[in-house]
Undergrad: 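Structure provided below as structure tokens; questions to follow.
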Amino acid sequence: MSDYEREARQQRVKALREAGVDPYPARVGPHEPIRAVLDAHGASDGAALEAASPEVAVVGRIMASRSFGKLMFLRLQADGESIQVSARRAEISPELFQFIKDLAVGDFARVEGVLWRTRTDELTVDARAVQVLAKALRPLPEKWHGLTDVDARYRQRYLDLLANEDARRIALIRSRTITAMRAFLDARGFVEVETPVLQPLYGGAAAMPFTTRHNLYDQELYLRISDELYLKRLVVGGLDRVYEIGHNFRNEGVSRKHNPEFTMMECYQAYADYRDMMGLVEDMFREIAEKVLGTSQLTYQGVQIDFGKPWARVTMRDAVREATGIDILEAVDLAALRAEVERSGLDVEDAPSWGVLVDNLFSETVEPKLLEPTFVTDHPLELSPLAKQSPDSPSLVERFEPFVAGMELGNAFSELNDPEDQRLRFEAARRARAAGDEEAHPLDEDYVRALEHGLPPTGGLGIGVDRLVMILSDASHIREVVLFPHLRAERREEPH
RNA sequence: GGGCGCGUAGCUCAAUUGGCAGAGCAAGGGACUCUUAAUCCCUAGGUUCGGGGUUCGAUUCCCCGCGCGCUCACCA
């Protein structure tokens with residue numbers, strides 16, 4: 001590939017070295033944040049600055065450069081803040097002036113100088129001394145179209161962050177969201193823990209795992225698809241309120257809402273049930289939105305969302321009945337439900353079991369309409385091997401999923417703590433597995449043993465953090481909220 | 001995995017019916033003491049994603065491959 005520009009930049013680096021200047025020095029001279037300079041002098045007018053001639057030193061990346069012969073302007077940017085720098089031939093030596101001229105857009109520098117205001121009243125540091133901090137060998141993206149190539153934006157996120165304000169905004173919203181989530185849980189007495197990512201047996205969700213191996217123990221391992229079973233073991237152990245924010249890995253499709261590696265917050269609260277967890281979600285989302293955005297009201301992809309109000313609550317049965325006229329508790333087995341679906345003329349994919357058919361009905365007729373924050377409750381038992389059976393209906397469990405803007409943001413239930421029931425559920429899943437359902441939950445003997453020692457009644461909740469950040473940042477694709485999303489392997493560029 | 005679309009200079013994009021591959025920005029040289037996408041002159045920069053085919057001639061048409069996007073399926 002052609003590297004005309006790169007060679008020119010390498011020449012500059014070489015010239016600096018030959019002149020005895022380290023282009024990548026180990027020490028940065030004294031300086032203050034650009035924000036501090038703006039705060040201290042942003043209100044001073046030109047006359048006041050001229051009288052005081054305040055001296056400042058700032059550091060940053062050179063984002064723009066405009067030269068007028070004996071005068072030049074640079075824009076220095078650091079940590080999202082920027083300030084203009086000037087160099088005036090009349091004020092400094094010819095050597096220093098040339099040195100500044102030889103700096104390139106993309107380079108890092110420290111500038112000591114005197115504050116003044118230009119004719120356009122812009123606060124500007126007039127350089128008196130300049131230290132090169134790091135030379136760039138490749139250029140920044142084009143300055144006003146920015147970087148729009150989607151693939152490049154994800155593969156070289158650093159360029160995206162430099163060129164596109166929105167990328168930075170989303171990264172900061174993500175950080176503040178997680179900070180606010182921690183603060184919320186910490187304040188309620190939840191203990192943050194870390195459980196294994198490498199698991200000898202995966203569980204806690206219905207999904208295909210990534211597999212790996214530990215050489216020394218000659219052991220097959222899985223990257224976790226969920227941390228649920230470990231967190232509940234901790235509740236058995238007396239950590240009554242625990243949570244973990246971490247990555248789960250699911251060896252499945254990639255879509256607007258799915259990244260194979262994603263961030264999940266799971267929390268478990270002893271002596272609580274799924275209704276308590278609904279209250280927790282309402283409080284948590286309201287508090288996070290207020291902390292991150294300053295308001296509980298927001299717009300996601302044109303949809304108005306208000307986390308200040310209580311969420312709508314609807315059972316899966318009522319939601320499906322309202323959308324289709326079919327009562328899933330009247331059509332109690334697969335044959336009956338199939339007949340109902342057929343009679344209704346709905347375009348719903350057939351399924352191998354009653355529970356899956358209910359889920360298909362729900363996904364296709366209800367889910368896209370759930371724009372307002374809504375808890376959908378009481379799912380088929382068969383789809384929920386870790387949730388407690390509903391006292392009102394043997395075919396349902398105490399479970400809910402929070403939906404916002406048609407997107408499922410999590411999952412929660414009253415945790416199944418009856419070890420014998422748990423064993424039966426696992427065995428049912430094992431039969432489904434034997435019948436070809438690759439995603440059926442594997443039997444975890446050690447987990448059943450833990451339940452046998454006693455798990456108190458416990459409410460559990462998982463929240464898809466990436467999707468929550470999508471909602472809060474109005475991002476349409478999960479890749480926008482993951483700094484380095486999963487991509488196909490790149491063909492390696494030839495080394496230079 | 002299926003369908004549709006896209007791939008041209010470092011970046012953002014053009015290129016008539018199939019007829020000399022271009023512009024802006026960035027880069028190099030020059031002019032310029034008030035710019036904010038500065039302006040002006042000059043220069044350089046291309047395996048048109050890769051391979052094959054049709055044709056006198058392919059960025060353009062066809063086939064295969066690669067990559068990316070959208071979408072469907074999958075993902076409770």
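Numbered from 1 within each chain, the chains take letters A, B, ... in sequence-line order.
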Undergrad: With a 3.5 Å cut-off and no angle check, do the side chains of A/H247 and A/E261 form a donor-acceptor pair?
TA: yes

Undergrad: List the atom of A/A167, the atom of A/D160, and the distance in Å for their closest heavy-atom pair.
TA: CB-OD2, 3.3 Å

Undergrad: Per the atom types in the model, does the base of B/rU12 pair as donor or acceptor with the side chain of A/T148 at under 3.5 Å?
TA: no

Undergrad: It should be established whether A/R12 places a side-chain nitrogen or oxygen under 4.0 Å from OP1 or OP2 of nucleotide B/rA27.
TA: no

Undergrad: Knowing that exactly one of A/V281, A/T315, A/V314 qualifies, which makes a side chain to side chain contact (heavy atoms under 4.5 Å, CB included) with A/F375?
TA: A/V281

Undergrad: Starting the side chain at C-beta, find the nucleotide from B/rA26, B/rU33, B/rU35 nearest to A/F73.
TA: B/rU35

Undergrad: Considering every strand and a 4.0 Å limit on heavy-atom distances, what is the contact class for A/L147: base, sugar-phosphate, or nothing?
TA: sugar-phosphate

Undergrad: Does B/rG19 pair with anything, Watson-Crick or G-U wobble, both distances under 3.5 Å, and if so, with which nucleotide?
TA: B/rC56

Undergrad: Using heavy atoms to find the nearest nucleotide of RNA chain B for A/S65 and A/P141 separately, return the residue whose nucleotide is more 5′.
TA: A/P141

Undergrad: Let me confirm one number: the CG-OG distance from A/L396 to A/S384, rounded to the nearest 0.5 Å.
TA: 9.0 Å

Undergrad: Have a look at A/R317 and tell me which of A/D327, A/D392, A/D378 forms a salt bridge (charged side-chain N to carboxylate O under 4.0 Å, His left out) with it.
TA: A/D327

Undergrad: Name the residue from A/K232, A/Q422, A/K388, A/Q269 that meets the side chain to side chain donor-acceptor pair (under 3.5 Å) definition with A/E415.
TA: A/K232

Undergrad: Suppose you measure atom P in B/rA26 against the same atom in B/rG65; what distance do you get, rounded to whole Å?
TA: 42 Å

Undergrad: Given B/rU35, B/rA26, B/rU12, identify the nucleotide with an atom nearest to the side chain of A/D149.
TA: B/rU12

Undergrad: Less than 3.5 Å between a donor and an acceptor, one on the side chain of A/E142 and one on the base of B/rG24, is that the case here?
TA: yes

Undergrad: If I take atom CZ in residue A/F97 and atom P in nucleotide B/rU33, what distance separates them, rounded to the nearest angstrom?
TA: 9 Å

Undergrad: Is there a Watson-Crick or G-U wobble partner for B/rU36 with both distances under 3.5 Å, and if so, which one is it?
TA: none

Undergrad: Please report the distance, rounded to the nearest Å, between CD in A/E7 and C1' in B/rG29.
TA: 17 Å

Undergrad: Without decimals, in angstroms, what is the distance between A/L71 CG and B/rU35 C1'?
TA: 8 Å

Undergrad: Would you say A/R66 reaches B/rA38's phosphate, i.e. side-chain N/O to OP1/OP2 under 4.0 Å?
TA: yes

Undergrad: Using Watson-Crick or G-U wobble geometry with both distances under 3.5 Å, which nucleotide pairs with B/rU8?
TA: none

Undergrad: Looking at A/E122 and B/rU35, is any side-chain donor or acceptor paired with a base atom of the opposite kind under 3.5 Å?
TA: no

Undergrad: Using a 4.0 Å heavy-atom cut-off, does A/H441 contact any base of the nucleic acid, only the sugar-phosphate backbone, or nothing at all?
TA: nothing

Undergrad: Using the C1' atoms only, state how far B/rA23 lies from B/rU48, rounded to an integer number of Å.
TA: 16 Å

Undergrad: On RNA chain B, nearest-nucleotide positions of A/R467 versus A/A90: which is more 5'?
TA: A/A90

Undergrad: Could you tell me whether the side-chain ring of A/F68 sits stacked on the base of B/rC32, using a centroid cut-off under 5.5 Å and a plane angle under 30°?
TA: no

Undergrad: Say you pick atom C1' in B/rA37 and the same atom in B/rC11; how far apart are they, in whole Å?
TA: 14 Å

Undergrad: Hey, does the side chain of A/T120 come within less than 4.0 Å of B/rU35's phosphate (OP1/OP2), counting only N and O?
TA: no

Undergrad: Quick one: which of B/rU12, B/rU35, B/rA27 gets closest to the side chain of A/T118?
TA: B/rU35

Undergrad: What nucleic acid atoms does A/Q84 come within less than 4.0 Å of, heavy atoms only: base, sugar-phosphate, or nothing?
TA: base

Undergrad: Within the structure shown, what part of the strands sits under 4.0 Å from A/S67 by heavy-atom distance: base, sugar-phosphate, or nothing?
TA: base

Undergrad: In whole angstroms, how far is the C1' atom of B/rA73 from the CD atom of A/E252?
TA: 13 Å

Undergrad: Using Watson-Crick or G-U wobble geometry with both distances under 3.5 Å, which nucleotide pairs with B/rU48?
TA: none

Undergrad: Is the shortest side-chain N to carboxylate O distance from A/D466 to A/K257 below 4.0 Å?
TA: no

Undergrad: How far does the C1' atom of B/rG46 sit from the matching atom of B/rG10, given to the nearest Å?
TA: 12 Å

Undergrad: Taking only side-chain N and O atoms of A/R155, does any of them lie within less than 4.0 angstrom of OP1 or OP2 on B/rC68?
TA: yes

Undergrad: Rounded to the Å, how far apart are A/Q156 CD and B/rC11 P?
TA: 8 Å

Undergrad: Between B/rC32 and B/rC41, how far apart are the two C1' atoms, rounded to whole Å?
TA: 12 Å

Undergrad: Using a 4.0 Å heavy-atom cut-off, does A/A64 contact any base of the nucleic acid, only the sugar-phosphate backbone, or nothing at all?
TA: nothing

Undergrad: Taking B/rC13 as the reference, what is the distance to B/rC49 when you measure between their P atoms (whole Å, please)?
TA: 15 Å

Undergrad: For the C1' atoms, the ones on B/rG29 and on B/rA21, what distance do you get once it is rounded to whole angstrom?
TA: 26 Å

Undergrad: How far apart are the closest heavy atoms of A/H441 and A/P385, and which atoms are they?
TA: CB-CG, 4.1 Å

Undergrad: Could you tell me how far apart A/D359 (CG) and B/rA73 (P) are, to the nearest whole angstrom?
TA: 13 Å

Undergrad: In whole angstroms, how far is the P atom of B/rC32 from the CE atom of A/M72?
TA: 15 Å

Undergrad: What's the closest nucleotide to the A/E349 side chain, out of B/rU36, B/rC34, B/rC74?
TA: B/rC74

Undergrad: Over how many whole Å does the gap from A/D160 atom CG to B/rC11 atom C1' extend?
TA: 13 Å

Undergrad: What interatomic distance, in whole Å, is found between P of B/rG5 and the corresponding atom of B/rA9?
TA: 23 Å

Undergrad: Between B/rA26, B/rA27, B/rC32, spot the one nearest the side chain of A/A8, thanks.
TA: B/rA27

